[in-house]
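Predicted, not measured: the structure shown is a model, and the values here were computed from it. In what follows, chains are A, B, ... by sequence order, proteins preceding strands, each numbered from 1.
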Amino acid sequence: MENDFFLQVYQVARLIPKGRVTSYGAIAKYLSSPRASRSVGYAMNAAHNQKPGVPAHRVVNRNGLLTGKHHFHSPSEMEEKLEKEGIKVKKDQVQNFDKVLWDPSVELAM
DNA sequence: CGATTGACGTACG
DNA sequence: TCGTACGCCAATC
């Protein structure tokens, strides 16, 4: 359904498999708005208010950089969770980003 | 309704 | 290769 743009972002974010990450642009692209990467990040800003708990820590920028870690309860919580899922994070930078990258417009396809 | 902001992305120098 | 500028989309003031 054509829920709010925010809702779609949350839905996709929850679909991110464990040990995988995605980028704001990838989600935006999946929402038929490849240029709405900024809105995706904005949506994540409200993700804190979501009850289900959006795995925003699995969402990073195009560079695989944890740009949004500063918005978590703790700036280290993001990388800590990522490493906990098997993702290697080096100084806010996701290692093997291409390997752990989970693109909804590719994995979910169609 | 207009202006500003933001967890981005791409282009240009 | 690195830094700065501009554009896009949605929400908030």
(message) Rounded to the nearest 0.5 Å, what separates atom CD1 in A:I87 from atom CE in A:M78?
(response) 9.0 Å
(message) Restricting to side chain to side chain donor-acceptor pair (under 3.5 Å), what partner residues turn up for A:D92, sequence neighbours left out?
(response) A:K69
(request) Whole angstrom is fine here: how far is it from CE in A:M78 over to C1' in B:dA7? (result) 8 Å
(request) Look at the side-chain heavy atoms of Ile, Leu, Val, Met, Phe, Trp and Tyr, link any pair under 4.5 Å apart, and say whether A:W102 and A:V100 land in one connected group. (result) no
(request) Please list residues of residues 45-63 of chain A whose heavy atoms come under 4.0 Å from any atom in DNA chain B, ordered by number; otherwise none. (result) A:N45, A:H48, A:A56, A:N61, A:R62
(request) Given side-chain contact (heavy atoms from CB on, under 4.5 Å), test A:E107 with A:R20 step by step and report yes or no. (result) CA-CA 12 Å; A:E107 302 298 324; A:R20 299 278 180 166; over 6 Å; no
(request) Give a yes or no on whether A:L15 and A:L31 share a hydrophobic cluster (residues Ile, Leu, Val, Met, Phe, Trp, Tyr; joining criterion: side-chain heavy atoms under 4.5 Å apart). (result) yes
(message) Rounded at 0.5 Å granularity, tell me how far OG1 in A:T22 sits from CD1 in A:I16.
(response) 5.5 Å
(message) Quick check on A:R14: does its CZ atom have over 12 non-hydrogen neighbours (other residues, nucleotides or ligands) under 6.0 Å away?
(response) yes
(message) Are more than 12 heavy atoms, taken from residues, nucleotides or ligands other than A:H70, located less than 6.0 Å from that residue's NE2 atom?
(response) no
Check: protein-nucleotides 7-10 of chain C nitrogen or oxygen pairs below 3.5 Å:
from: C:dG7; atom 1: O6; to: A:R38; atom 2: NH1; distance (Å): 2.7
from: C:dG7; atom 1: N1; to: A:R38; atom 2: NH1; distance (Å): 3.0
from: C:dC9; atom 1: O2; to: A:S39; atom 2: OG; distance (Å): 2.5
from: C:dA10; atom 1: O4'; to: A:S39; atom 2: OG; distance (Å): 2.7

(request) Take atom CG of A:D92 and atom P of B:dC8, then tell me their distance rounded to the nearest Å. (result) 13 Å
(request) Provide, to the nearest angstrom, the distance between the CZ atom belonging to A:F97 and the C1' atom belonging to B:dG9. (result) 13 Å
